[in-house]
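All remarks here apply to the structure that follows.
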Amino acid sequence: MKLKINGQEVEIDDAYGSGLLIWAIRDGAGLMGTKFGCGAGICGSCTVHIDGEAVRSCITPVQNVVDADIRTLEGLPNEDGMLHPVQQAFIEQQVPQCAWCMSGQMMSAAALLEQNENPTQEEIVEAMSENYCRCGCYFRIKSAVARAAEIKQEMA
Ligand code: FES
Ligand code: FES
């Protein structure tokens, strides 16, 4: 079967078609940027974009997304390889500690900035509130999302 991931048709084994999206992405397509955490739709570490919306891949059946545009962390840089403003900001602000949650954090932040180019602090907190960080990097995450919005506007 094929899935459209990061703008490309990706061939994956049919066996993944009856399972959950995270395993089709990681094991089927070999894209390891998407992380498994709780496996129950709670922590947000497995967040990817489905047609531009932040979605938890650990509870998303592959059958629901066969015709969708799937975007993973590997698809955040632009076609020239330039890092996404969210990635630039997370590096600039030295956000990660263990980094396990960071793929999901960046995917949620990128989805927010697609929908709201200039979010307020309250809107950032609200949008990021369902992405958990065991290392407690919340202050730096919030700061980096605000910085990413600035970088995105500078690049426009
Ligand atoms: S691993 Fe998917 S929400 Fe936690
Ligand atoms: S940086 Fe460790 S879980 Fe977030």
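The structure displayed is predicted, hence computed values, not measured ones. Each ligand, and each atom within it, is numbered from 1 in the order the structure gives. Worth knowing before you read on, the calculation uses all heavy atoms, side chains too, and leaves out hydrogens, waters and symmetry mates.
Considering CD of Gln88 and CD of Glu92, their distance stands at 8.0 Å, rounded to 0.5 Å. Ser57 contributes atom OG, which lies 8.0 Å from atom CD1 of Ile50 (distance to the nearest 0.5 angstrom). Note: Glu11 CD to Ile5 CD1 = 11.0 Å, rounded to the nearest 0.5 Å.
For Cys98, every N, O or S atom stays at 2.8 Å or more from atom 4 (Fe) of ligand 2. Look at Cys135 and atom 4 (Fe) of ligand 2: no N/O/S atom of the residue is under 2.8 Å from the metal.
Listed by number with element, the atoms of ligand 2 under 4.0 angstrom from any heavy atom of Cys133 are 1 (S), 3 (S), 4 (Fe). Less than 4.0 angstrom separates some heavy atom of Met102 from each of these atoms of ligand 2: 1 (S). Those atoms of ligand 2 that come under 4.0 Å of a heavy atom in Ala99, given as number and element, are 1 (S), 2 (Fe).
Contacts of Ala40 classified as side-chain contact (heavy atoms from CB on, under 4.5 Å), with partners at least two apart in sequence or in another chain: Cys38, Ile42. Annotation: ring-ring contact (aromatic ring centres under 6.0 Å, His included) contacts of Trp23 (sequence neighbours excluded): Phe36. Remark: Asp13 pairs with no residue by the side chain to side chain donor-acceptor pair (under 3.5 Å) rule, at least two apart or across chains.
Inter-residue side-chain proximity for Arg134 and Cys101 is flagged as unmet; no heavy-atom pair is nearer than 4.5 Å. Contact annotation: the side chain of Ile12 never approaches that of Lys2 to less than 4.5 Å [non-hydrogen atoms, C-beta and beyond].
Contact annotation for Gln105 and ligand 2: no heavy atom of the residue comes within less than 4.0 Å of the ligand.
Residue, atom and distance of the protein heavy atom nearest to atom 3 (S) of ligand 2 are Arg134 N, 3.2 Å.
Protein N/O/S atoms closer than 2.8 Å to atom 4 (Fe) of ligand 1, listed by chain and residue number, are Cys38 SG, Cys43 SG.
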- Item | Worked verdict on Glu154 versus Arg147 for salt bridge (charged side-chain N to carboxylate O under 4.0 Å, His left out) | CA-CA 11 Å; Glu154 289 165 10; Arg147 176 66 185 132; 3.4 Å; yes
